[in-house]
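Worksheet: one structure, shown below.
Throughout, a chain's letter reflects where its sequence line sits, starting with A, and its residues are numbered from 1. The analysis underlying the following values was restricted to heavy atoms, covering all of them including side chains, and did not include hydrogens, waters or symmetry mates.
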There are 2 protein chains.
Amino acid sequence: MTAGTTERQAARPDLLAALEDGGYRITTPRRSVIAALERKGEGFSAEELCEELPAVGRATVYRTIKLLQGEGVICKLAMPDGAPKYSMARVEHHHHTVCVKCAAVGEFRHATIERLLRAIGQEISGEIVGHRLEVFTVCSECEVRG
Amino acid sequence: MTAGTTERQAARPDLLAALEDGGYRITTPRRSVIAALERKGEGFSAEELCEELPAVGRATVYRTIKLLQGEGVICKLAMPDGAPKYSMARVEHHHHTVCVKCAAVGEFRHATIERLLRAIGQEISGEIVGHRLEVFTVCSECEVRG
DNA sequence: CTCATTGCAAATGGTTTGCATTGGG
DNA sequence: CCCAATGCAAACCATTTGCAATGAG
């Protein structure tokens with residue numbers, strides 16, 4: 001998964017274009033979903049989108065989310081308890097910080113993670129095909145608010 | 001599969017003792033669940049345990065799993081698609097390698113991860129309160145089997 | 001005895017699917 | 001026009017919960 005993804009530019013491509021690239025139609029419900037998640041940007045749940053888009057069927061929201069995941073423009077992440085959230089992908093390969101209080105999501109890349117994986121690769125038999133890293137935080141906003 | 005790391009008493013404390021330490025009763029169903037997961041050891045699902053223990057109610061299996069998670073003797077992890085698995089915890093703080101083909105789970109600790117977190121801590125505002133790292137592999141067994 | 005624990009079954013939360021209908025190209 | 005895409009509701013899967021019955025200490 002890390003492997004073939006170097007093609008797309010770090011600059012987040014237009015989401016509608018991403019759909020077209022995938023050979024999908026640009027429909028009204030899809031436009032709505034995309035508009036909504038551009039507004040949200042970081043750390044939203046599927047349910048939130050559904051509530052915000054009463055005109056769009058729940059199934060369509062989920063189908064569109066999955067489509068965009070497939071196109072690599074949004075990604076799924078998990079809160080400490082495993083509850084799913086979604087977030088816009090801004091850089092190609094990255095990891096997340098998630099505030100456990102307000103669910104604010106940050107992204108980071110860090111060369112150390114690459115080194116880490118290389119080191120692990122030498123310790124285990126078999127081949128590393130992917131990984132998931134989430135760093136849970138209490139963001140500065142929430143620190144202040146207590 | 002694992003670069004076995006033994007930091008604390010690798011000798012896994014007796015699971016029944018863990019329950020007693022938590023102030024929980026040692027009951028027949030709990031004994032059964034514990035026996036079953038000692039047999040499995042790595043990378044099992046709750047459903048698997050339920051199937052293996054028709055005499056124990058589904059709810060009790062889940063309740064016991066959660067108890068043991070609380071006592072820190074088993075841990076929950078997630079496959080690439082988010083599907084949950086459980087695994088015996090052998091070392092105190094560790095991370096997992098999970099084979100995406102056979103779900104075999106390995107554990108590792110690596111000093112680099114600690115360094116990584118420290119480095120991230122300096123890049124973000126707020127405080128790091130936890131993290132999740134899973135490394136997905138195709139284990140050597142599965143490499144051979146194709 | 002008594003209260004923690006159990007089993008069951010129904011409830012939940014997140015997500016998917018079957019199918020008849022609709023609308024984009 | 002036609003097939004991809006939609007909406008709805010029902011299905012699904014992992015997990016949780018309410019509650020009466022049970023059993024460990």
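- Here Ala55(A) lies in heavy-atom contact (under 4.0 Å) with sugar-phosphate atoms only.
- For dG7(D), neither phosphate oxygen OP1 nor OP2 lies less than 4.0 angstrom from any side-chain nitrogen or oxygen of Tyr62(A).
- Following rounding to the nearest Å, Met79(A) (CE) and dG13(C) (C1') show an atom-to-atom distance of 16 Å.
- Checked against dT6(C), dG14(C), dG24(C), the side chain of Arg63(B) finds its nearest nucleotide in dT6(C).
- The existence of a salt bridge linking Lys40(A) and Glu52(A) is confirmed by a sub-4.0 Å separation between a basic side-chain nitrogen and an acidic carboxylate oxygen.
- Here Ala83(B) lies out of heavy-atom contact (under 4.0 Å) with every strand.
- Salt bridge status for Glu143(B) with Lys101(B): absent, with no side-chain N to carboxylate O gap under 4.0 Å.
- Between Leu68(B) atom CG and dT15(D) atom C1' there is a gap of 16 Å when expressed in whole angstrom units.
- Going from atom CG of Leu19(B) over to atom P of dA24(D) covers 14 Å, rounded to whole Å.
- Between dG23(D) and Arg25(B), no contact under 4.0 Å exists linking OP1 or OP2 to a side-chain N or O.
- Atoms CZ (Arg58(A)) and C1' (dC8(D)) sit 11 Å apart, rounded to a whole Å.
- Atom CZ of Arg30(A) and atom C1' of dG25(C) are 13 Å apart (whole Å).
- Contact annotation for Ala46(B): backbone-only contact, meaning every heavy-atom pair under 4.0 Å involves sugar-phosphate atoms and none involves a base.
- Checked by atom type and distance alone, the side chain of Ser87(A) never pairs as donor or acceptor with a backbone atom of Cys75(A) at under 3.5 Å.
- Residue Thr28(B) places none of its side-chain N or O atoms closer than 4.0 Å to OP1 or OP2 of dG23(D).
- For the pair Leu53(A) CG and dG7(D) P, the interatomic distance rounds to 10 Å; values are reported in whole Å.
- Taking atom CG on Leu49(A) and atom C1' on dG7(D), their separation rounds to 17 Å, with Å as the unit.
- Remark: Lys76(B) is not in phosphate contact with dA14(D), judged by side-chain N or O atoms under 4.0 Å from OP1 or OP2.
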Checklist line | side-chain contact (heavy atoms from CB on, under 4.5 Å) between Leu37(A) and Tyr86(A), worked out | finding: CA-CA 9 Å; Leu37(A) 59 81; Tyr86(A) 299 89; over 6 Å; no
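- dT6(D) atom P lies 14 Å from atom NZ of Lys66(A), rounded to whole Å.
- No more than 12 heavy atoms of other residues, nucleotides or ligands shown are found within 6.0 angstrom of CD on Glu141(A).
- Nearer the 5' end of DNA chain D, as judged by each residue's closest nucleotide, is the contact made by Leu67(A), out of Ile26(B) and Leu67(A).
- Nearest nucleotide to the Val56(A) side chain, out of dA14(D), dC8(C), dG7(D): dG7(D).
- In the set dG7(C), dT15(C), dT6(D), dG7(C) carries the atom at the smallest distance from any side-chain atom of Thr60(B).
- Contact check on Arg25(B) versus Glu20(B) returns no salt bridge, with no Lys/Arg side-chain nitrogen under 4.0 Å from an Asp/Glu carboxylate oxygen.
- The shortest distance between the side-chain N/O atoms of Tyr24(A) and the OP1/OP2 oxygens of dT6(D) is not below 4.0 Å.
- In terms of phosphate contacts, Thr27(B) brings a side-chain nitrogen or oxygen within less than 4.0 Å of OP1 or OP2 of dT6(C).
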